[in-house]
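Report on the structure given below.
On a predicted model such as this, the values are computed, not experimentally measured, just so you know.
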Amino acid sequence: MSLSLLTPRLVTKSTVARIVLVRNASSRLTLDHQQSIKINDQQGFFKYQRDVSRDARYSNPAKPGDTATRFMFRKLGHAYEIYPLFGLLAVWCVLFGYTVYYSFEKTEIWLDRSHSTAPWDWERIRNNYWKKPTLVFDPTGVTHQKLEIMETLQDEMVAAAKQRGTR
């Protein structure tokens, strides 16, 4: 069935009459009472009061809680129970920053694309692989020692790859 055949069955005559009645009833509405906004006879704008919260011409123009920083820190003088939360947030931010810095110092992350070889390529890290950070806590420096056997093996593998032509 098409929509034109369904429409008379979906909307009854009483519903259409009610819609027409409501529409016409609001067209004759007159406002006899005093309005909330008064318009002056002179040319210009509506009369309103200025919100000075973001106007730099006034001293301390912002209201309490106007900006995100003021909203977060305006009640700190009275809300001593949230001091530990701010302390935990500060510790978390410092640890997160250190973790990100430490992670980007490792060999596995390739930020500098100016070289054609990857940072984990043996020919590129042969002279400083033992200096790269490996563990967060290594007081004796066990992971920062040169491994002569590994260097010999890696040199042989690079020579064999060049001889095969895969390097």
So, using side-chain hydrogen bond (donor to acceptor under 3.5 Å, both in side chains) as the criterion, who are the partners of [X] when residues are at least two apart?
| X | value |
| --- | --- |
| Thr117 | none |
| Thr152 | none |
| Ser14 | Thr12 |

Which atom pairs, donor and acceptor, lie under 3.5 Å between side-chain atoms of residues 158-166 and protein residues at least two apart or in another chain?
from, atom 1, to, atom 2, distance (Å)
Lys162, NZ, Glu123, OE2, 2.6
Arg164, NH2, Thr166, OG1, 3.4
Thr166, OG1, Ala161, O, 3.2

Acceptor/donor pairs from residues 82-101 side chains to any protein atom, 3.5 angstrom cut, sequence neighbours excluded:
from, atom 1, to, atom 2, distance (Å)
Tyr83, OH, Leu76, O, 2.8
Thr99, OG1, Leu95, O, 2.8

Value rounded to 0.5 Å, distance of CD1 in Ile125 from NZ in Lys131: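 That separation rounds to 12.5 Å.
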
Glu151 backbone acceptor or donor facing Tyr129 side chain under 3.5 Å: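 No; zero donor-acceptor contacts below 3.5 Å.
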
Partners meeting side chain to side chain contact (heavy atoms under 4.5 Å, CB included) with Asp155 (sequence neighbours left out):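 Expected list: Trp122, Arg126.
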
